[in-house]
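Handing you a structure now.
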Amino acid sequence: MRQSRLLIPTLRDEPGEAEIVSHKLMLRAGLIRKVAAGVYTYLPLGLRVIRKVERIIREELNKAGAQEVLMPIASPAELWQETGRWDFYGKELFRLKDRHERDFCLGPTHEEVITDLVRREVRSYRQLPANFYQIQTKFRDEIRPRFGLMRGREFIMKDAYSFDADEAGAAESYRKMYEAYRAIFTRCGLNFRPVEADAGLIGGSSSHEFMVLAETGEEGIAVCDACDYAANVERAEIQPIAQAAGDNIAEKRLVPTPGKKTVEDVTAFLNVPASQLVKTLLYLADGKPVAILVRGDHVVNEIKVKKLLGAVDLAMADPAAVETLTGAPVGFAGPIGLSGVTLLADLSVKDVTHAVVGGNAADRHWVDVSPARDVPLARYADLRNAMAGDPCPRCATPLRIVRGIEVGHVFMLGTKYSEKMKATYLDQQGQEKFIVMGCYGIGVGRTAASSIEQNHDAKGIIWPAPIAPFHVHLLPLMDKSGKVMPATLALEAELEKKGLDVLVDDRDERPGVKFNDADLIGIPYQIVIGEKGLTQSQIELKERRTGTVTKFAPADIALRVAELVQPILQA
RNA sequence: CGGGGCGUAGCGCAGCCUGGUAGCGCACCAGCUUUGGGAGCUGGCUGUCGGAGGUUCAAAUCCUCUCGCCCCGACCA
């Protein structure tokens with residue numbers, strides 16, 4: 001492919017709108033251009049990367065027995081009303097009306113549409129199991145789109161849905177997808193880790209996220225270095241840390257803390273560590289007031305709270321409600337003397353000695369509080385996010401917290417959708433049963449973006465060969481003799497014959513420009529063809545990642561490059 | 001949704017406070033020279049100063065409204 005015939009608008013300057021490296025480099029290397037907030041056009045180079053990722057996905061899913069379909073972008077409200085998600089999904093669901101004023105939405109995911117298909121077409125256990133997937137553009141009207149393809153409103157997603165006769169079959173489908181995902185992300189050249197995740201309100205028994213490990217990740221992952229355990233911090237179970245019993249014999253006292261509202265303020269003022277303070281956070285769970293006690297250095301995990309209470313909606317109480325409930329302005333809420341409120345406390349609170357809590361009065365805190373003695377009515381449970389140093393729930397080794405980008409997610413759905421939408425089949429005994437489902441997603445653009453997060457240097461992108469837009473970049477330099485371009489084109493033809501994707505920089509540019517653009521675009525192998533080299537029968541091969549330059553005879557180079565690239569592609 | 005910031009040439013920005021001919025660098029076009037890591041010289045093109053309204057003899061600049069974009073927050077009391 002001739003570079004002069006492709007739109008690859010590289011930028012020397014960093015566009016101001018980009019924050020993270022993958023976004024900057026995608027713009028600078030001419031992969032994408034923004035059309036609106038969170039909405040992008042894929043330029044030729046970007047699209048080639050997307051297609052490579054899609055191809056790997058297709059190959060692995062087909063191998064796992066899934067079948068490809070393509071569902072519509074717009075779907076009618078009725079389907080979403082059946083499952084209740086029309087109301088539940090909120091503002092993220094992009095809604096529109098057709099000319100007859102009928103409600104539609106742009107699909108943020110397709111459980112309803114596929115379940116509707118299956119309930120119409122699948123009658124018998126003989127048709128199960130089945131697994132349908134599609135690679136489709138999705139639309140979610142995100143609160144805050146950011147980071148380019150990492151969190152767009154419109155994005156390309158592979159979604160798959162499995163249908164089984166029973167739980168055991170569903171578990172097997174889930175396992176197959178889990179393995180397919182491992183294969184897909186491995187082939188994409190990513191450093192990733194499957195982690196236990198929360199199934200959230202989608203429900204179901206099991207869920208894993210596939211996390212690409214990267215500093216810029218939006219998710220926190222708790223990992224154990226001693227065993228295999230890894231989980232989203234939202235999900236990670238926390239074992240209570242055994243603590244030496246404190247000598248908390250002192251009677252609690254109310255002390256003035258003028259204007260000290262935050263954990264930082266109070267702990268600095270009283271000169272105690274944050275772990276000695278117990279925060280009292282007021283929530284409304286389905287409209288009912290709840291106070292949640294966690295240590296000052298801990299973070300409440302709303303997912304765990306919701307589960308414990310069986311609540312659908314959980315939101316922090318607004319300042320006015322806090323005042324009504326506690327009788328004090330925000331910043332001074334405490335568990336002592338609080339009435340009409342459900343009291344929940346994280347397990348770690350029980351062990352705090354000489355605790356500091358809010359006084360339920362302006363500018364007052366209690367000190368020398370013993371939660372077990374002074375807050376006897378609290379119900380204790382695991383209610384916080386995991387932190388670095390918490391014991392692994394499997395082997396008790398201290399956990400490490402790392403950042404990750406969620407590129408894939410697998411869910412066991414069970415019969416949540418099939419029951420609501422009456423997707424049933426007849427089993428061998430002629431009994432009508434609900435189909436057991438699973439669903440599985442991969443963010444295609446996000447996968448490409450996270451690859452850049454993991455593979456780049458100061459010069460630009462360093463694509464892993466399997467998802468690189470091209471495998472080889474030919475850089476013919478000055479051609480006064482007229483021999484360079486013919487040699488280049490001959491080499492291009494030879495490489496293409498060996499099945500490699502080749503980009504030829506045939507532009508009339510100075511060498512420096514070509515080198516810099518090549519490094520920016522990040523094709524894994526660069527071949528420099530220059531007048532000097534040709535007279536000495538030499539052609540240079542440069543590996544983008546290491547910068548290593550090797551010289552070959554023109555007759556050998558195609559074979560040598562093919563030897564380097566082909567094994568990677570077949571991996 | 002709350003707070004902050006920014007919209008001036010394709011990209012990066014100055015000019016705005018203190019109203020008076022719309023600028024700089026890169027990119028782009030032409031010519032000459034140059035050619036192994038973002039060339040030099042000469043000449044050229046490019047803007048409804050995000051939009052609407054207002055104040056004024058005069059608005060990129062001041063005022064009002066509006067649209068778009070970016071960042072932070074939207075659990076840590």
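Only a predicted model underlies this, so the values are computations on that prediction, with no experimental measurement involved.
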- Pairing partner of B/rC62 (Watson-Crick or G-U wobble, both distances under 3.5 Å): B/rG54
- Item | Selection residues 468-487 of chain A - residue pairs positive for side chain to side chain donor-acceptor pair (under 3.5 Å), sequence neighbours left out | A/Gln3-A/His473, A/Ser481-A/Glu531
- How far does the P atom of B/rG43 sit from the matching atom of B/rG4, given to the nearest Å? 48 Å
- Got a salt bridge between A/Lys252 and A/Asp368, using NZ or NE/NH1/NH2 to carboxylate O under 4.0 Å? no
- Pick base, sugar-phosphate or nothing for A/Tyr283, based on heavy-atom distances below 4.0 Å to the nucleic acid. base
- Between A/Phe332 and A/Pro15, name the one whose nearest nucleotide on RNA chain B is closer to the 5' end. A/Pro15
- What about A/Lys459: does its side chain form a donor-acceptor pair under 3.5 Å with the base of B/rG38? no
- For the atom pair CD1 (A/Ile523) and CG (A/Asp505), what is the distance rounded to the nearest 0.5 Å? 9.5 Å
- Provide the distance between the two C1' atoms, one in B/rG68 and one in B/rA27, to the nearest whole Å. 25 Å
- Task: Measure from NE2 on A/His473 to P on B/rG37 and round the result to the nearest Å.
- Result: 17 Å
- Task: Searching all strands shown, indicate the nucleotide that pairs with B/rC75 (Watson-Crick or G-U wobble; both distances under 3.5 Å).
- Result: none
- Task: Would you please name every residue forming a ring-ring contact (aromatic ring centres under 6.0 Å, His included) with A/Phe94, sequence neighbours left out?
- Result: A/Phe139
- Task: Nearest-nucleotide wise, let me know which of A/Thr10 and A/Leu281 is further upstream toward the 5' end of RNA chain B.
- Result: A/Thr10
- Query: Should we count CG of A/Asp556 as having more than 12 external heavy atoms under 6.0 Å?
  - Reply: yes
- Message: What's A/Lys91 touching, base or sugar-phosphate or nothing? Going by heavy atoms closer than 4.0 Å.
- Response: nothing
- Message: Can you check the distance between B/rA22 and B/rG51, where both ends of the measurement are the P atom (answer in whole Å)?
- Response: 16 Å
- Cation-pi geometry met for A/Arg446 and A/Phe155 (6.0 Å, 45°): no
- Rounded interatomic separation in angstrom, taking CG from A/Leu520 and C1' from B/rC11: 14 Å
- Please give the nucleotide sitting opposite B/rG37 as a Watson-Crick or G-U wobble pair, both distances under 3.5 Å, or none. none
- Whole-Å distance, A/Leu475 CG to B/rG38 P, equals 15 Å
Extract from the structure each pairing of a protein N or O with an N or O of nucleotides 67-74 of chain B at less than 3.5 Å, listing the distance.
from: B/rC69; atom 1: OP1; to: A/Ala37; atom 2: N; distance (Å): 3.0
from: B/rC69; atom 1: O3'; to: A/Lys34; atom 2: NZ; distance (Å): 3.0
from: B/rC72; atom 1: OP2; to: A/Arg144; atom 2: NH1; distance (Å): 2.9
from: B/rC72; atom 1: OP2; to: A/Arg144; atom 2: NH2; distance (Å): 2.6

- Task: Scan A/Ile292 against the nucleic acid and name what it touches under 4.0 Å (heavy atoms): base, sugar-phosphate only, or nothing.
- Result: nothing
- Which pairs pass ring-ring contact (aromatic ring centres under 6.0 Å, His included) with one or both residues in residues 533-559 of chain A, sequence neighbours excluded? none
- Can you tell me the pairing partner of B/rG47 across any strand shown, Watson-Crick or G-U wobble, with both distances under 3.5 angstrom? none
- Message: From CD of A/Glu92 over to P of B/rC1, roughly how many Å is that when rounded to an integer?
- Response: 15 Å
- Tell me the partner of B/rC26, counting only Watson-Crick (N1-N3 plus N6-O4 or O6-N4) or G-U wobble (N1-O2 and O6-N3) with both under 3.5 Å; none if nothing fits. B/rG10
- Please measure how far the C1' atom in B/rA9 lies from the corresponding atom in B/rU55, and state the result in whole Å. 30 Å
- Task: Send over the distance from A/Lys542 NZ to B/rG37 P, rounded to a whole Å.
- Result: 12 Å
- Expressed in angstrom and rounded to an integer, what is the separation of A/Arg507 atom CZ from B/rA39 atom P? 12 Å
- Query: When you measure from the side chain of A/Glu302, which nucleotide among B/rG37, B/rG12, B/rC75 comes out closest?
  - Reply: B/rC75
- Length of the CG-P vector between A/Asn516 and B/rC26, whole Å: 16 Å
Return a table of donor-acceptor pairs under 3.5 angstrom between the side chains of residues 321-335 of chain A and protein atoms on other chains or two or more places apart.
from: A/Thr324; atom 1: OG1; to: A/Ala320; atom 2: O; distance (Å): 2.9
from: A/Thr326; atom 1: OG1; to: A/Val322; atom 2: O; distance (Å): 2.8
from: A/Thr326; atom 1: OG1; to: A/Ala328; atom 2: N; distance (Å): 3.1
from: A/Thr326; atom 1: OG1; to: A/Ala328; atom 2: O; distance (Å): 3.1

- With a 4.0 Å cut-off on heavy atoms, is A/Asp517 in touch with a base, just the backbone sugar-phosphate, or nothing at all? base
- Give a yes/no answer on whether the side chain of A/Arg12 brings an N or O atom under 4.0 Å of OP1 or OP2 in B/rG12. no
- Task: Select base, sugar-phosphate, or nothing to describe what A/Asn301 touches, counting heavy atoms under 4.0 Å on all strands.
- Result: nothing
- Quote, to the nearest angstrom, the P distance that separates B/rC24 from B/rU64. 32 Å
- Message: Output one letter per nucleotide in nucleotides 28-36 of chain B: B when a protein non-hydrogen atom lies under 4.0 Å from the base, S when only the sugar-phosphate is that close, - when neither is.
- Response: ------BBB
- Item | A/Leu27 vs A/Ile32 side-chain heavy atoms within contact, under 4.5 Å | yes
- Task: For the pair A/Asp346 and A/Arg295, find out whether any cationic side-chain nitrogen is under 4.0 Å from an anionic carboxylate oxygen.
- Result: no
- Query: With both distances under 3.5 Å as the test, what is the Watson-Crick or G-U wobble partner of B/rU18?
  - Reply: none
- Message: With rounding to the closest Å, how many angstrom separate the C1' atoms on B/rU56 and B/rA14?
- Response: 26 Å
- Message: Could you tell me how far B/rU48 sits from B/rU8 if I compare only their C1' atoms? Round to whole Å.
- Response: 12 Å
- Item | Pairwise P distance, B/rA60 and B/rG40 [rounded to whole Å] | 35 Å
- Interatomic distance where CG belongs to A/Asp519 and C1' belongs to B/rG38 [whole Å]: 11 Å
- Item | Contact check, side chains of A/Met485 and A/Asp506, non-hydrogen atoms, under 4.5 Å | yes
- Can you name the one residue among A/Arg545, A/Lys542, A/Arg28 that meets salt bridge (Lys or Arg N to Asp or Glu O under 4.0 Å) with A/Asp519? A/Lys542
